[in-house]
Peer 1: 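Sharing a structure with you now.
A quick note: this is a predicted structure, and the numbers were derived from the prediction, not measured.
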Amino acid sequence: MFSKIFPVLLLVMVFILSLAFFTGCEEPEEEVVAEEPEEEVAEEPEEEPEDEPEDEPIEIDIIVGFAAGGSNDLTARYMVEHLVEHGITANVVNMPGGMSTEAAYHVSNLTPEENTFFWGHSGPLLFEPAAGDRGYTIDDFEPVATLAAPTFCIGARPGAPWGDDFEALVEYIKENPGEVTFGGQGEGNVRHYAVEQILPPDELDYSFVGLEGGADVAMNLTGEHVDVGHLSLAAASPLVADEELWAVVNTNPLVERDPLMPDVPNVSEFDLEEGREPHPIALWAVPGTDQAMIERISNAIGEIAEKPELIESYEEMGVVAHYLNPQETLEFYTNVNETVVPDYIEWLDSLD
């Protein structure tokens, strides 16, 4: 009987051991740890960009030392039309007298708080004070910006044998001493001085006649009362178009060819750099004027100089729109004061 039971027990033991073996080989289940829910972070609302504060409006006066309607006046008025777009209201006040020296003297005696500026060139600021006591000097002003460079020219009567050829004009004077008459805008002034830098009378024998101004010069040229004359390119342009006179050379100090008449060469092209008339028009403040205001006005003028509307308006007057910032303006006038003015004074003394 034992022999029958033994195989059964053996089978049961094998089964139990097998079960234990397979159970022990099973990998333990990983303990699952419940993740805590992340705290939601409230998103901060995006900040809207703040609008840049607009510049406060500025109101200024600009004193022009010549009567209304001339190139000095109109260049200022065209400028102020565009200054409004930059929040700058400028009132142009005409104060003619003494070749603009009365206006310069008036502004030089004002305080910075009066927001009054002078629109002027090297004539009243450099040459006039050098010629005599005008009650002020350029040191009584601070540059804001240069914008306008008027162009003058040497014109010749219609039918002149040299035509519009400058070198032919010089050669004609040399070959015909005493025959050529030059009509200038006054006598013994800075414009007369410029003419003699171009046509030096100690080398060329011609007669100089002082006339009343550019309009008088144009009338005498077209009437053939003088052979050559000094006038603005704007005054010469329509007469050249009608073949009533020739434009021989221009004397612009900042550019060589004026867009109004690009075929007219600059005197510098004939190695006559000293004949370039240093009369670009700039805006001037009195010392102590708020620097932020000066910078704002100057930057506005810099942008205005690029506007096609202003460029066109200036070109019609024979004026080149050319921007110089305060430092560049100061450097230009300092150079003229150091290199041209002393020679001008010596020239004046030689006339006595």
Side-chain angles (χ1 to χ4, degrees), residues 71 121-123 126-127 130-131 146 148-156 160 162-174 180-211 213-214 217-218 221 226-237 240 245-258 260-281 318-320 322 332-333 335-348 350-351:
S71 60
H121 52 72
S122 59
L126 295 178
F127 292 98
T146 296
T151 302
F152 293 93
C153 73
I154 302 298
W162 52 84
D164 59 359
D165 187 327
F166 176 73
E167 292 177 327
L169 166 62
V170 172
E171 192 62 30
Y172 185 90
I173 296 174
K174 288 180 178 178
V180 173
T181 301
F182 194 106
Q185 299 189 52
E187 190 169 2
N189 58 30
V190 69
R191 291 177 181 172
H192 182 188
Y193 166 78
V195 168
E196 294 202 356
Q197 304 312 298
I198 301 167
L199 299 171
D202 56 344
E203 299 176 14
L204 302 170
D205 185 2
Y206 63 93
S207 300
F208 183 93
V209 179
L211 301 174
V217 171
L221 280 171
V226 296
D227 302 299
V228 197
H230 177 275
L231 68 167
S232 70
L233 197 66
S237 178
V240 171
L245 62 79
W246 301 98
V248 182
V249 287
N250 84 67
T251 65
N252 194 291
L254 299 179
V255 299
E256 290 191 348
R257 299 292 177 114
D258 190 304
L260 179 64
M261 294 184 69
D263 294 333
V264 179
N266 190 277
V267 289
S268 62
E269 298 175 47
F270 300 97
D271 295 325
L272 293 169
E273 191 71 31
E274 63 277 9
R276 302 182 81 166
E277 299 187 69
H279 301 315
I281 310 175
V319 175
V320 176
H322 191 100
F332 180 90
Y333 277 74
N335 180 63
V336 172
N337 201 28
E338 293 177 351
T339 61
V340 181
V341 172
D343 188 63
Y344 170 69
I345 298 304
E346 186 178 335
W347 174 80
L348 278 180
S350 70
L351 298 180

Peer 1: Restricting to non-hydrogen atoms, name the atom on Gly163 and the atom on Val248 that form the minimum distance, rounded to 0.1 Å.
Peer 2: O-CG2, 4.1 Å

Peer 1: A side-chain contact here means heavy atoms from C-beta on lying under 4.5 Å apart; do Thr146 and Ile281 qualify?
Peer 2: no

Peer 1: Taking side chain as C-beta onward, heavy atoms only, is Leu245 less than 4.5 Å from Val240?
Peer 2: yes

Peer 1: Identify the heavy atoms of Ala130 and Val341 that sit nearest to each other, and give their distance.
Peer 2: CB-CG1, 3.4 Å

Peer 1: Would you call the rings of Trp347 and Tyr193 parallel, tilted or perpendicular if under 30° counts as parallel and over 60° as perpendicular?
Peer 2: perpendicular

Peer 1: Are the side chain of Asn252 and the backbone N or O of Ala149 linked by a donor-acceptor pair below 3.5 Å?
Peer 2: yes

Peer 1: Of all heavy-atom pairs between Ala234 and Gly318, which one has the smallest distance, and what is that distance?
Peer 2: CB-N, 3.7 Å

Peer 1: For Glu256, which residues count as a salt bridge (Lys or Arg N to Asp or Glu O under 4.0 Å) partner, sequence neighbours excluded?
Peer 2: none

Peer 1: Quick check: closest heavy atoms across Trp246 and Ala160, and the distance to 0.1 Å?
Peer 2: NE1-N, 4.0 Å

Peer 1: Could you check whether any side-chain N or O of Arg276 sits under 3.5 Å from a backbone N or O of Asn250, counting only pairs where one atom can act as donor and the other as acceptor?
Peer 2: no

Peer 1: Would you check if Val217 and His230 make a side-chain contact, meaning some heavy-atom pair closer than 4.5 Å?
Peer 2: no

Peer 1: Should Tyr206 and Thr181 count as side-chain neighbours, where that means a heavy-atom distance under 4.5 Å?
Peer 2: no

Peer 1: If you round to the nearest 0.5 Å, how far is CG of Leu126 from NE2 of His121?
Peer 2: 10.5 Å

Peer 1: Does any part of the side chain of Trp162, heavy atoms only, come nearer than 4.5 Å to the side chain of Asp227, both counted from C-beta?
Peer 2: yes

Peer 1: Tell me whether the count of non-hydrogen atoms from other residues, nucleotides or ligands lying under 6.0 Å of CG in Asp271 goes above 12.
Peer 2: no

Peer 1: Indicate the atoms forming the closest heavy-atom contact of Ala218 with Leu231, along with that distance.
Peer 2: CB-CD1, 4.0 Å

Peer 1: If only atom types and distance count, is the side chain of Ser232 paired as donor or acceptor with the main-chain N or O of Phe152 below 3.5 Å?
Peer 2: no

Peer 1: How far apart are the closest heavy atoms of Ser268 and Glu273, and which atoms are they?
Peer 2: CB-OE1, 3.4 Å

Peer 1: Find out whether Gln197 and Leu272 are in side-chain contact, i.e. whether some heavy atom of one side chain is under 4.5 Å from a heavy atom of the other.
Peer 2: no

Peer 1: Mind checking whether Phe182 and Phe208 have parallel, tilted or perpendicular rings, split at 30° and 60°?
Peer 2: parallel

Peer 1: Does any part of the side chain of Asp258, heavy atoms only, come nearer than 4.5 Å to the side chain of Val320, both counted from C-beta?
Peer 2: yes

Peer 1: Keeping Asn189 on the side-chain end and Gln185 on the backbone end, is there a donor-acceptor pair under 3.5 Å?
Peer 2: yes

Peer 1: Just so I know, are the side chains of Asn266 and Val249 near enough to count as touching, which here means a heavy-atom distance under 4.5 Å?
Peer 2: no

Peer 1: Look only at the side chain of Ser237 and the backbone of Leu233, and say whether a donor-acceptor pair between them is shorter than 3.5 Å.
Peer 2: no

Peer 1: With a 4.0 Å cut-off on N to O distance, would you call Arg257 and Glu269 a salt bridge?
Peer 2: yes

